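Here the structure is laid out as structure tokens; the discussion comes afterwards.
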Amino acid sequence: MIYRCSDHTRWETRDILSMLQIDRGSAPVISIAGGGGKTTTAFCLKRGFAERKEPVLLTTTTHMRRPTGPEVLLEDSETEFQTKLKKYGWVIAGLPVENGKISSMPDTFLEKRILEKISMVIEADGARCLPVKMPEAWEPVLHPQTDLFVGVIGLDALGQPLGEICFRRNLAAEFLEKDLDEKMTWEDLARIAAAPEGLMKGTEHIRRRLVFLNKAEGKERIEAGKKIASYLQERKIGEVYLSSYGEEERA
């Protein structure tokens, strides 16, 4: 389920492209950054394009967990890419690195996809599966032709100690002026989501910016998510959505 805060409508995740008003054939470059739920959101977007029978590439500009399956490309091979794309309609691509991860494909590989009008869904940073992230100076790594940015925060961080649920926790503690053992509030998540040095870092030039408040499960999280949404909307920080993915949808 995805709840669009601007008009209070609920959508099934299979309708994610319609909900986001992504036109058929537009072949956008979508970059995703932040905390808990990035990979699942990326896979939902990928499935949306595939169900439309539109070719799509899922990749990363940094590192992501190495996927498995016949549609996965682990080399810079134009022939293999085209073969897999023709057979499956979508490809997950990255170059193998240590610790069971993949890294970014060469810039020339991605530029070819843009010229071919192939949609791209890109994981633009990592958070080690933690629900919240405060980016370092070099993060996120946004593709320069990004049309749509999706920033993700996990609402399961609420009520948890900052030091346990935040990647780059010392940066977050300094920004929020909190100790590592202090619990996270909805105000803390809202401030990180809105800050130009937080979730929105480096996105000023991007035409559309979205915030996904993920794991919006249960009354307490949903109410907190709506408060965060109001905080962001008052400051005109992008479009805000509450998301909750089923077990079968989680990557």
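Since we're looking at a predicted model, the values are computed, not measured. Hydrogens, waters and symmetry mates are skipped; everything else that's a heavy atom, side chains included, is used.
- With sequence neighbours left out, the side-chain contact (heavy atoms from CB on, under 4.5 Å) criterion links Lys101 to His63, Val97.
- Judged by the 6.0 Å and 45° rule, Lys226 forms a cation-pi pair with Tyr3.
- Among residue pairs with one or both ends in residues 145-169, those qualifying as side-chain hydrogen bond (donor to acceptor under 3.5 Å, both in side chains) are Ser31-Thr146, Glu111-Gln145, Glu139-Arg168, Asp156-Lys215; sequence neighbours excluded.
- In this structure Thr59 satisfies the side chain to side chain donor-acceptor pair (under 3.5 Å) test with no other residue, sequence neighbours excluded.
- Using a cutoff of 4.0 Å between basic side-chain nitrogens and carboxylate oxygens, Glu78 and Arg113 are scored as salt-bridged.
- Pairing each heavy atom of Lys183 with each of Gly159, the nearest pair is CD-O, 3.2 Å.
- Every residue meeting the side-chain contact (heavy atoms from CB on, under 4.5 Å) condition with Phe175, not counting sequence neighbours, appears here in chain and number order: Met134, Arg191, Ile192, Ala195, Glu197.
- Applying the salt bridge (charged side-chain N to carboxylate O under 4.0 Å, His left out) rule to Glu177 yields no partners; only residues at least two apart in sequence or on another chain are considered.
- Legend: ring pair (Phe, Tyr, Trp, His ring centres under 6.0 Å) pairs involving residues 192-229, not counting sequence neighbours, sorted by first then second residue: Phe212-Tyr241.
- Of the charged side-chain nitrogens involved, at least one lies within less than 4.0 Å of a carboxylate oxygen, so that Glu239 and Arg208 count as a salt-bridged pair.
- Contact of the Ile122 side chain with the Ile32 side chain is not registered, since no non-hydrogen atoms from C-beta on lie closer than 4.5 Å.
- No side-chain N or O of Ser18 forms a donor-acceptor pair with one of Asp15 less than 3.5 Å apart.
- Applying side-chain contact (heavy atoms from CB on, under 4.5 Å) to Ile206 and the options Leu142, Leu148, Val29 leaves one that passes, Leu142.
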